[in-house]
There are 2 protein chains.
Amino acid sequence: MTQSETVERILDSAEVLFAERGFAETSLRQITGKAGVNLAAVNYHFGSKNALIQAVFARFIEPFTRNLRESLQAAIAKNEHVSLDRLLRLLATALVEVPSRSDKSLPVFMRLLGLAYTQSQGHLRKYLEQRYNSELRLFMKLLRQATPQLSSEERFWRMQFMLGALTFTMSSSEALASILQDKNGADAPAEGIVDQLVPFLSAGINAPGVPSVPLSSPPPPLETPCTAS
Amino acid sequence: MTQSETVERILDSAEVLFAERGFAETSLRQITGKAGVNLAAVNYHFGSKNALIQAVFARFIEPFTRNLRESLQAAIAKNEHVSLDRLLRLLATALVEVPSRSDKSLPVFMRLLGLAYTQSQGHLRKYLEQRYNSELRLFMKLLRQATPQLSSEERFWRMQFMLGALTFTMSSSEALASILQDKNGADAPAEGIVDQLVPFLSAGINAPGVPSVPLSSPPPPLETPCTAS
DNA sequence: GTCTATAACGCGATAGAC
DNA sequence: GTCTATCGCGTTATAGAC
């Protein structure tokens with residue numbers, strides 16, 4: 001067995017098991033057992049269990065951000081107006097079209113992403129936002145253009161709501177799909193969930209703002225300086 | 001130290017630690033250490049770690065479901081039509097009005113709820129859905145009446161999206177509030193987030209459905225035998 | 001490079017003294 | 001009721017044979 005074969009088999013097995021059980025609940029024994037490689041192989045090739053988790057994450061996020069950057073830049077180059085709906089579609093497509101070895105890749109990625117944002121110490125979040133700063137700014141720029149009627153505060157919160165719905169639903173998609181399957185026999189692949197998500201998010205993000213007081217501040221002046229940076 | 005004191009100290013510590021690290025990542029040694037009680041106390045008072053997890057949940061969820069049940073039943077008794085917006089408001093109010101020991105309670109609970117669904121803690125999800133079955137059915141009944149235009153599949157997914165947006169945003173509300181504070185100095189208490197969430201969710205849930213194909217199936221026959229297995 | 005064997009440790013749980 | 005001590009197990013990680 002060549003070295004790269006071993007590495008890939010470990011990554012494949014780890015991805016599936018992480019998705020099924022969670023990270024802490026998956027042992028290196030289970031991973032190496034499923035992969036048919038030696039127990040010591042993980043530490044030899046990756047150094048530690050945490051490094052393996054990061055490697056699983058990296059194998060997905062790299063092609064994803066590449067997909068996203070290319071499609072966003074293409075849209076900008078053609079100088080087209082990108083509607084919110086189209087922007088969400090581009091995002092979803094970039095996610096779904098990551099060449100994946102199993103249908104577990106996306107759930108694992110989403111679970112890690114959710115953890116990264118949810119964990120009280122935002123180390124991972126800061127790391128990600130720094131590493132993929134350019135893609136993030138590109139997306140936010142297009143989002144701003146697609147939702148000019150929103151205050152920056154509203155836009156901020158709705159981004160969070162979107163991230164929550166996305167990570168939560170996709171990371172538990174297995175469990176949810178099985179519930180739904182009990183109900184009506186239909187399966188729910190990632191593409192199906194995305195099809196359901198896009199209109200929901202589109203309507204939610206474009207919703208009319210909160211009617212009276214925005215938060216704790218008095219009624220907003222009509223000319224908002226938009227310098228919330 | 002009285003017995004009830006010990007039990008409460010354990011619950012308080014466990015709540016915080018679970019929310020910070022997750023369930024599997026928190027050991028009984030950490031919990032009892034932080035609580036200043038003996039290691040054996042958890043097994044003595046609760047029986048097992050899983051039972052402790054459920055007890056932490058129960059302490060918050062009991063008043064919440066009581067709130068919710070009462071307000072939903074009151075609405076039904078008055079025979080009023082409950083709009084989606086109003087239904088979401090009732091839900092939010094039931095959440096926010098749980099008498100809390102600290103302002104961290106709600107974020108902690110939301111994070112625990114998210115973890116319960118996300119960290120494949122099957123025992124917890126089943127426990128919750130069984131224990132609070134009647135409240136869940138009551139809410140779903142009103143939701144069905146408030147959204148008659150949705151197919152049950154659409155309604156199912158949008159419930160999940162709602163749960164995701166809710167748990168994700170509320171559980172990281174601390175971190176998010178601090179980000180936003182950097183931006184514009186405003187604070188974001190739970191009530192403020194809820195004010196932002198309700199119109200978002202309302203519009204998202206009421207969004208027009210996915211236009212063409214429902215999922216992966218070709219144009220559906222009008223009488224589906226529902227045996228797509 | 002890959003394996004076996006095992007070190008070193010932390011875990012949940014419990015028996016039994018107080 | 002509460003505590004100490006410890007059991008039995010599973011874990012990650014590694015040293016050293018092949």
Side-chain angles (χ1 to χ4, degrees), chain A residues 1-59 108 111-112 115-116 119-121 123-124, chain B residues 1-59 112 115-116 119-127:
Chain A
M1 193 182 301
T2 71
Q3 173 169 337
S4 64
E5 248 179 318
T6 300
V7 167
E8 250 185 63
R9 291 166 68 102
I10 291 174
L11 285 172
D12 289 343
S13 303
E15 189 173 274
V16 173
L17 289 173
F18 284 154
E20 283 173 359
R21 304 159 202 232
F23 303 106
E25 295 85 352
T26 305
S27 69
L28 295 183
R29 288 174 149 82
Q30 292 170 322
I31 294 170
T32 53
K34 184 183 173 79
V37 302
N38 190 267
L39 170 59
V42 167
N43 277 278
Y44 176 74
H45 288 292
F46 297 93
S48 72
K49 185 181 178 179
N50 269 343
L52 171 61
I53 295 177
Q54 290 178 357
V56 170
F57 192 64
R59 194 169 61 153
V108 172
R111 191 188 290 221
L112 277 169
L115 283 177
Q119 252 156 14
S120 49
Q121 310 261 11
H123 295 148
L124 241 149
Chain B
M1 193 182 303
T2 71
Q3 172 170 336
S4 64
E5 248 179 317
T6 301
V7 168
E8 250 185 63
R9 291 166 68 104
I10 291 174
L11 286 172
D12 288 341
S13 303
E15 185 176 274
V16 173
L17 289 173
F18 283 152
E20 279 176 3
R21 307 162 197 225
F23 301 111
E25 294 84 353
T26 304
S27 70
L28 296 184
R29 288 173 158 81
Q30 292 171 321
I31 294 170
T32 52
K34 183 184 173 81
V37 302
N38 190 269
L39 169 59
V42 167
N43 276 278
Y44 176 74
H45 287 291
F46 298 93
S48 72
K49 185 180 177 178
N50 270 349
L52 170 62
I53 294 177
Q54 293 180 354
V56 168
F57 250 95
R59 193 168 59 152
L112 291 178
L115 286 176
Q119 291 203 337
S120 36
Q121 298 274 350
H123 74 98
L124 204 49
R125 218 197 56 225
K126 276 167 194 160
Y127 166 79

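Below, chains carry the letters A, B, ... as their sequence lines are ordered, and counting in each starts from 1. Because only heavy atoms are used, hydrogens play no part in the values below, and waters and symmetry mates are left out as well, while side chains stay in. All values derive from a computational prediction rather than experimental measurement.
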Exercise. Among Leu11(B), Ile10(B), Val16(B), whose side chain to side chain contact (heavy atoms under 4.5 Å, CB included) with Val56(B) holds?
Worked result: Leu11(B)
Exercise. Between dC3(C) atom C1' and Asn43(A) atom CG, what is the distance in whole Å?
Worked result: 14 Å
Exercise. Roughly how many Å is it from CD in Glu25(B) to P in dT12(D), rounded to a whole number?
Worked result: 13 Å
Exercise. How long is the line joining CZ of Arg21(A) and P of dG10(D), in whole Å?
Worked result: 14 Å
Exercise. Is there a side-chain contact between Arg21(B) and Leu115(B), using heavy atoms and a 4.5 Å cut-off?
Worked result: no
Exercise. How long is the line joining CD of Glu5(B) and C1' of dT2(D), in whole Å?
Worked result: 14 Å
Exercise. Roughly, in whole Å, what's the span from CZ in Phe23(A) to P in dT11(D)?
Worked result: 17 Å
For this session: Taking the side chain as every heavy atom from C-beta outward, state whether Asn43(B) and Leu28(B) have any pair of such atoms under 4.5 Å apart.
Result: yes
Exercise. When all nucleic acid strands are considered with a 4.0 Å heavy-atom cut-off, which category describes Thr32(B): base, sugar-phosphate, or nothing?
Worked result: nothing
Problem set entry | Base dG10(C) paired with Arg29(B) side chain (donor-acceptor, <3.5 Å) | no
Exercise. What's the CG-P distance between Leu39(B) and dT2(D), to the nearest Å?
Worked result: 14 Å
Exercise. DNA chain D: Gln30(A) or Asn38(A), which has the more 5' nearest nucleotide?
Worked result: Gln30(A)
For this session: Compare all side-chain heavy atoms of Asp12(B) with those of Arg9(B) and state whether any distance is below 4.5 angstrom.
Result: no
Exercise. Considering only side-chain heavy atoms of Lys49(A), which listed nucleotide, dG12(C), dC3(D), dT12(D), is closest?
Worked result: dT12(D)
Problem set entry | Proximity to the side chain of Ala40(B) - top-ranked nucleotide from dT12(D), dG12(C), dT4(D) | dT4(D)
Exercise. Can you tell me if the side-chain N/O atoms of His45(A) get under 4.0 Å from OP1 or OP2 in dT2(C)?
Worked result: yes
For this session: For residues Phe23(B) and Asn50(B), determine if any side-chain heavy atom of one lies less than 4.5 Å from a side-chain heavy atom of the other.
Result: no
For this session: Using only side-chain N and O atoms of Ser27(A), determine if any of them is under 4.0 Å from OP1 or OP2 of dT11(D).
Result: yes
Exercise. Nearest-Å distance, CG (Asn50(B)) to P (dC11(C))?
Worked result: 16 Å
Problem set entry | Integer-rounded Å distance: dT2(C) P and Phe46(A) CZ | 12 Å
For this session: From the options dT2(D), dC3(D), dT4(C), select the nucleotide whose nearest atom is closest to the side chain of Tyr44(B).
Result: dT2(D)
